[in-house]
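These notes are about the structure you will find just below.
These numbers come from the heavy atoms of this one structure, side chains and all, not from hydrogens, waters or symmetry mates.
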Amino acid sequence: MITLPVFAFPDFNLYSTPLFILVLQALLFSGLLLIKYFKNNNTSNLILAVILLLVSYQQICYTVGFMGWYNTYRTTKINYWLIPISLALAPMIYFYVKSITQSNFKFKKSNISHFIMILILILFRVSIYIYDALQPGFHKNQNGVLKIAVDEKIVQPILVFLDFAVMLLYLAFTFQLFFNYRKKINQFFSNTYKLELNWVLSFLVVFSVLFLYSSIQTVINIAFVELSYTQQWWLNLLMAVSMLYIGVRGYFTDTNKLNILNFEFNPDQKQEKLAADKKKISEQEIQMIDEYMKVEKPYLNSELNLSDLASNLQMHRSQLSQIINQGYDKNFNDFINEFRVNAFKEELKKGSHKELSLLGIALDCGFNSKATFNRVFKKLTQTSPTEFLQKISN
């Protein structure tokens, strides 16, 4: 009689079950983002799907470990394919934010250079696997000759520091990209797309927290005490929960609004821009803009931007920007929103709140969302819309 071996895999326990469920959810949203990409051809959806796949791949490797894979299959060769994802994840984070903040972003062949290190590492792992597989007795051991002597003793310690440096560098570049974009958007657009910008910032904060947690854990593991497999489980749980959050928020946030914004000057306008920068601002220009804003009320258009207003005033965009910045001591966003807030105040004094909600009035005055309206009103008046209404009602 042949006795079949008893396998302990898969073992759905306290450690493996939460990771298994969360990884499946992340993979689900990765698939949904891919479908969304094929429908609207938005590159940011494709990049975010790849990010979720990369982290899910790493999570799967750990999840099967907690499910008893290593105990059941003691000669498994999975260690050859436990490839650190940071070398690929870091540039993908950068390109995701860039795909949102750069108009009509397209991934170019030259961008492949950002992934040279991960490609070299994959080629190295494949090479040592092929070599080790050709050695006698390979099927009886978990790791071969080169895996132990070269990869684990030399390459992996180097990768610890390389992963840290690469992730830190790309996160720094990406935060700089985001903050420069957020600052620039106020100079050109009257509604600052707060919900979309908050999503990008949340995305970066999540990966920064994961990076910080992972770095602290690595330092403790190397310099103080070697952490057990279960002690390192908390980082994996945090990563799994974070990827579910990233998947849900990323899928339901419309990043097209930011992607289509264009900040570029046309080439034939460069000389005109330089001339406008040197020109002194006159009282007549300020009066003309004041009169146009009061009569035509362009601020009622929630999609108003600097280019449209400049065209209506028959000015170059840089000239109008200079007048607003220096003549009114405001950026374009604050300049337009001040008119909207004043229009909202006038509607309240007329009693419009008796027929419409405060949000309805705000939307009629050019605001595009409740969050933007409340934030701008508080900033310009140091009070909330409800408190302002109570004051004028007394």
Side-chain angles (χ1 to χ4, degrees), residues 15-37 43-67 69 78-100 107 114-115 117-119 121-122 125 156 159-160 162-171 174-175 199-218 229 232-253 255:
Y15 294 102
S16 64
T17 305
L19 294 183
F20 180 73
I21 295 173
L22 290 168
V23 167
L24 287 181
Q25 295 295 320
L27 289 173
L28 170 63
F29 276 97
S30 179
L32 292 174
L33 283 164
L34 286 174
I35 294 173
K36 195 174 181 181
Y37 163 72
T43 308
S44 63
N45 290 327
L46 174 61
I47 297 176
L48 187 58
V50 173
I51 288 174
L52 291 176
L53 286 174
L54 285 172
V55 181
S56 295
Y57 165 75
Q58 179 170 304
Q59 288 297 296
I60 289 171
C61 294
Y62 281 100
T63 301
V64 297
F66 285 111
M67 295 174 77
W69 177 279
I78 195 173
N79 286 342
Y80 285 86
W81 316 116
L82 291 176
I83 299 174
I85 63 167
S86 297
L87 298 180
L89 182 62
M92 291 303 294
I93 291 171
Y94 171 77
F95 281 117
Y96 177 67
V97 175
K98 192 169 185 179
S99 70
I100 295 175
F107 198 85
H114 291 264
F115 302 93
M117 286 187 288
I118 189 67
L119 293 174
L121 179 59
I122 292 173
R125 286 289 182 85
Q156 288 194 31
L159 285 176
V160 171
L162 190 61
D163 286 349
F164 174 84
V166 169
M167 183 59 78
L168 181 62
L169 186 65
Y170 273 98
L171 281 175
T174 309
F175 268 108
W199 153 239
V200 179
L201 182 59
S202 298
F203 171 83
L204 290 176
V205 168
V206 166
F207 279 104
S208 297
V209 170
L210 290 174
F211 170 67
L212 180 61
Y213 190 115
S214 177
S215 299
I216 293 174
Q217 179 174 283
T218 301
Y229 204 58
Q232 297 182 46
W233 175 80
W234 292 101
L235 173 60
N236 294 286
L237 179 65
L238 180 60
M239 290 180 67
V241 172
S242 298
M243 289 311 101
L244 178 58
Y245 168 77
I246 292 291
V248 173
R249 280 288 304 273
Y251 180 79
F252 289 105
T253 302
T255 57

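With a 4.5 Å cut-off on side-chain heavy atoms, Leu19 and Trp233 count as touching. Looking at Leu34 and Asn45, their side chains never come closer than 4.5 Å, going by heavy atoms from C-beta outward. Taking the side chain as every heavy atom from C-beta outward, Val248 and Gln25 never approach each other to under 4.5 Å. Residues Leu89 and Ile118 are not in side-chain contact: their nearest non-hydrogen atoms beyond the backbone lie 4.5 Å or more apart. Using a 4.5 Å heavy-atom cutoff, the side chains of Leu22 and Leu237 are in contact. Proximity of Val209 to Ser242: side-chain heavy atoms (C-beta onward) are nowhere separated by under 4.5 Å.
Residue Leu24 holds its CG atom at 8.0 Å from CD1 of Ile60, rounded to the nearest 0.5 Å. Summarising the geometry, atom CG belonging to Leu54 is positioned 9.0 Å from atom OG belonging to Ser30; distances are rounded to the nearest 0.5 Å. Separation of atoms CG (Leu28) and OH (Tyr251) is listed at 9.5 Å; rounding is to 0.5 Å. Between the CZ atom in Phe164 and the OG atom in Ser86 there is a gap of 11.0 Å [rounded to 0.5 Å]. Atom-to-atom distance recorded for Gln156:CD and Asn79:CG is 8.0 Å, nearest 0.5 angstrom. Atom OG1 in Thr174 sits 9.0 Å away from atom CG in Leu169 (nearest 0.5 Å).
Aromatic pair Phe203/Phe207: centroids less than 6.0 angstrom apart.
Of all non-hydrogen atoms in Met243 and Leu52, the two that sit nearest each other are O-CD2, 3.5 Å. Taking every heavy atom of both residues into account, Phe29 and Gly247 meet most closely at CD2-O, 3.6 Å. Heavy atoms only, all atoms of each residue included: Tyr245 and Ser202 are closest at OH-CB, 3.5 Å. Taking both residues in full, the closest heavy atoms of Pro84 and Leu159 are given as CG-CD1, 4.0 Å, listed atom of the first, atom of the second, then distance. Closest approach of Pro91 and Phe115 over heavy atoms only: CG-CE2, 3.5 Å. Residues Gly250 and Leu48 approach most closely at CA-CD2, 3.6 Å, considering heavy atoms.
Checked options Leu46, Ile47, Leu32; the residue passing with Tyr37 is Leu46 (criterion: side chain to side chain contact (heavy atoms under 4.5 Å, CB included)).
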* Show your working on side chain to side chain contact (heavy atoms under 4.5 Å, CB included) between Leu210 and Val55 and close with a plain yes or no. => CA-CA 11 Å; Leu210 290 174; Val55 181; over 6 Å; no
* To do: Decide yes or no on ring pair (Phe, Tyr, Trp, His ring centres under 6.0 Å) for Tyr62 and Phe66, but give the supporting numbers first.
  => CA-CA 6 Å; Tyr62 281 100; Phe66 285 111; 7.3 Å; no
* Walk me through it: do Val50 and Leu33 pass the test side chain to side chain contact (heavy atoms under 4.5 Å, CB included)? => CA-CA 9 Å; Val50 173; Leu33 283 164; over 6 Å; no
* Asked: Does the pair Ile100 and Val200 meet the rule for a side chain to side chain contact (heavy atoms under 4.5 Å, CB included), with working shown?
  -> CA-CA 9 Å; Ile100 295 175; Val200 179; 4.1 Å; yes
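When only modelled atom types and interatomic distance are considered, Thr255 and Ser44 share a side-chain donor-acceptor pair under 3.5 Å. For the residue pair His114/Tyr170, the side-chain donor-acceptor check at 3.5 Å is satisfied.
Between Trp199 and Tyr96, the ring planes are perpendicular. Angles over 60° get that label, and only those under 30° would be called parallel.
A donor-acceptor pair under 3.5 Å is formed between the side chain of Thr218 and the backbone N or O of Ser214.
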